[in-house]
Amino acid sequence: MQNKSAISGCFLVGPTAVGKSAVAHCIALQDHCNILSADSMLIYKGMDVGTAKPSRAEMAAVRYYGIDIVPPDVSYSVWAFKTYAYDVLEKIHSRGERAIIVGGTGLYIKALMHGLTPGPGVDPGLRAKWNNVLNTQGIGPLQEFLLKKDPELYKSLSDNKNPRRLIRAIERVEAVGTGVKNGLTEEWMSPENGPVLVGLKCSPEELNLRIESRVRAMYCQGLVEEVRMLMEQGKQLSVTARQAIGYAEASDLLNGHCSKEEAIARTIIRTRQYAKRQKTWFSRQTNVKWIDVDAGMNTAEIADLVKEYWRKYEPVPIKK
RNA sequence: GGCGGGUUCGCAUAGUGGCAAUUGCGGCAGACUGUAAAUCUGCUCCCUCUGGGUUCCUUGGUUCGAGUCCAAGACCCGCCA
């Protein structure tokens, strides 16, 4: 039996398109590390170009985890990720090896750092029912229902105008009854006192340029063909997989609903907005030491800096 | 050259004579424990900001009052030449 508290990892975080993956790969090669991706879209098989998945050559050179773990018609969740990731890290640890955890999905990262409060899983019937209520009658009935059923929980919601959260809260109440708190419990650490993550960042102008050229590159690398293939497989993308930026836009293009330039423009905008949210999340929810990669540093130089920071701060403990 | 349509706060749109002016997008900031590349919130003309100042192509007019009505001009778009 492993000593669970001993499991830890080196984190590399940051907004999309700053170059996290390349740096992580570089370090993994140098130091023979495993890479665990903490990215909610890299988990889907067959969604490669649009998610900027590591290449086959890269995946042959370094042991990657968290990639291609479910087919794209299956829905996924933080809980599933946390469970999977903990197993992976335990395995790596038992081999006496190190893991680099790279990713932009803040919630996944946080789930590894803080654990997740156990709770009921997704109840598709319940979600369908309440989504239907939402679509026909608006958000009012959801708020009223929860307020009546569990006023404490309703008040504890940081955002009671968010249908997604309301439905999740209702789902919880229906499954385990009242009195269950939403959000973090005992083990919560404030971001300032929490463990240090290393992050890559750059100026908004530079990031916008990188995003734009990245999206254009995806179109050159065959994003549209990839989406066509996914469509031709007959199975629909799962609720979670179809949220991937770029895929809805490319399928609009395939269906003749927009031009290629429109699809590209829309994809760039959505990616930019996503990067902004990531920036907000990491700076507010976690304690990040940022490395500014603006000034034309190459991957190896950035890798050295990242490793220096990892040495300087303690590795981040992983919570079960 | 003739006839018609249009010009509104970055873009697109709404606007019965009482409007700092609708909505969408974008932008900025923020929230966040089972859909998170999602979802949601606030702000988005200017200022010395529980108030004040300038706005709706331009100029002039009607009116207590004009983005809204009238006249002329500028530019754009259709159709006929």
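Naming: A, B, ... by sequence-line order, numbering from 1 per chain. On a predicted model such as this, the values are computed, not experimentally measured, just so you know.
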> For RNA chain B, determine which residues of residues 215-236 of chain A have any heavy atom closer than 4.0 angstrom to one of its atoms, and list them numerically.
none
> Using distance alone, with no hydrogens and no angle criterion, decide if A:K161 and A:Q143 have a side-chain donor and acceptor under 3.5 Å apart.
no
> Is A:K82 near enough to B:rG34 that one of its side-chain N or O atoms lies under 4.0 angstrom from OP1 or OP2?
no
> Below 4.5 Å, heavy atoms only, C-beta onward: do A:P72 and A:L230 meet side chain to side chain?
yes
> Does B:rG34 have OP1 or OP2 under 4.0 Å away from a side-chain N or O of A:R168?
yes
> Are A:Q243 and B:rU39 close enough that a side-chain N or O sits under 4.0 Å from OP1 or OP2?
no
> Within the structure shown, what part of the strands sits under 4.0 Å from A:Y76 by heavy-atom distance: base, sugar-phosphate, or nothing?
sugar-phosphate
> Is B:rC19 syn or anti, taking syn as a glycosidic angle within 90° of 0?
syn
> Tabulate protein N/O versus nucleotide N/O from nucleotides 41-43 of chain B, keeping only pairs under 3.5 Å, one per line.
none

> Could you tell me how far B:rG52 sits from B:rA20 if I compare only their C1' atoms? Round to whole Å.
13 Å
> Please enumerate all residues that pass ring pair (Phe, Tyr, Trp, His ring centres under 6.0 Å) together with A:F81, with sequence neighbours excluded.
A:Y108
> Respond yes when some side-chain nitrogen or oxygen of A:T271 is under 4.0 Å from OP1 or OP2 of B:rA37, and no when none is.
no
> Within this structure, what is the CZ-to-P distance between A:F282 and B:rG30, rounded to whole angstrom?
15 Å
> Rounding to the closest angstrom, what is the interatomic distance between B:rC45 and B:rU8 at atom C1'?
13 Å
> Using atom CG of A:L166 as one end and atom P of B:rA31 as the other, report the distance to the nearest whole Å.
19 Å
> Suppose you measure atom P in B:rC75 against the same atom in B:rU58; what distance do you get, rounded to whole Å?
15 Å
> Expressed as a whole number of angstroms, how long is the span from A:L142:CG to B:rU39:C1'?
13 Å
> Does B:rG27 have OP1 or OP2 under 4.0 Å away from a side-chain N or O of A:K276?
no
> Between B:rG26 and A:Q273, is there an OP1 or OP2 to side-chain N/O distance shorter than 4.0 Å?
yes
> If you compare every side-chain N and O of A:R284 against the phosphate oxygens of B:rC32 (OP1, OP2), does one of them come in below 4.0 Å?
no
> Strictly below 4.0 Å, heavy-atom distances to any atom of RNA chain B: list the hits from residues 13-26 of chain A, or just say none.
none
> Could you provide the dot-bracket string of RNA chain B, using ( ) for intrastrand pairs, [ ] for crossing pairs and | for bases paired to another strand, with Watson-Crick or G-U pairs below 3.5 Å?
((((((((.[[[..)..(....]]]((((((.......))))))(((...)))...[[[[[..)....]]]]]))))))).
> Give a yes/no on whether any side-chain N or O of A:S158 is located under 4.0 angstrom from OP1 or OP2 of B:rC40.
no
> With nearest nucleotides of RNA chain B determined for A:N162 and A:P120 from heavy-atom distances, which residue corresponds to the more 5′ nucleotide?
A:P120
> For RNA chain B, which residues in residues 36-43 of chain A have a heavy atom at a distance below 4.0 Å?
A:D39, A:S40, A:M41
> What I'd like to find out is whether the side chain of A:N287 reaches to under 4.5 Å of the side chain of A:E192, using heavy atoms alone.
no
> Phosphate oxygens OP1/OP2 of B:rA36: is one of them under 4.0 Å from a side-chain N or O of A:Y108?
yes
> Report yes if the side chains of A:R210 and A:V293 come closer than 4.5 Å at any heavy-atom pair, otherwise no.
yes
> Tell me if a side-chain donor or acceptor on A:E97 pairs with a main-chain N or O of A:I92 at a distance below 3.5 Å.
no
> Work out how far the P atom of B:rU44 is from that of B:rG51, and round it to whole angstrom.
15 Å
> B:rG26 P sits how many Å from A:R277 CZ, rounded?
11 Å
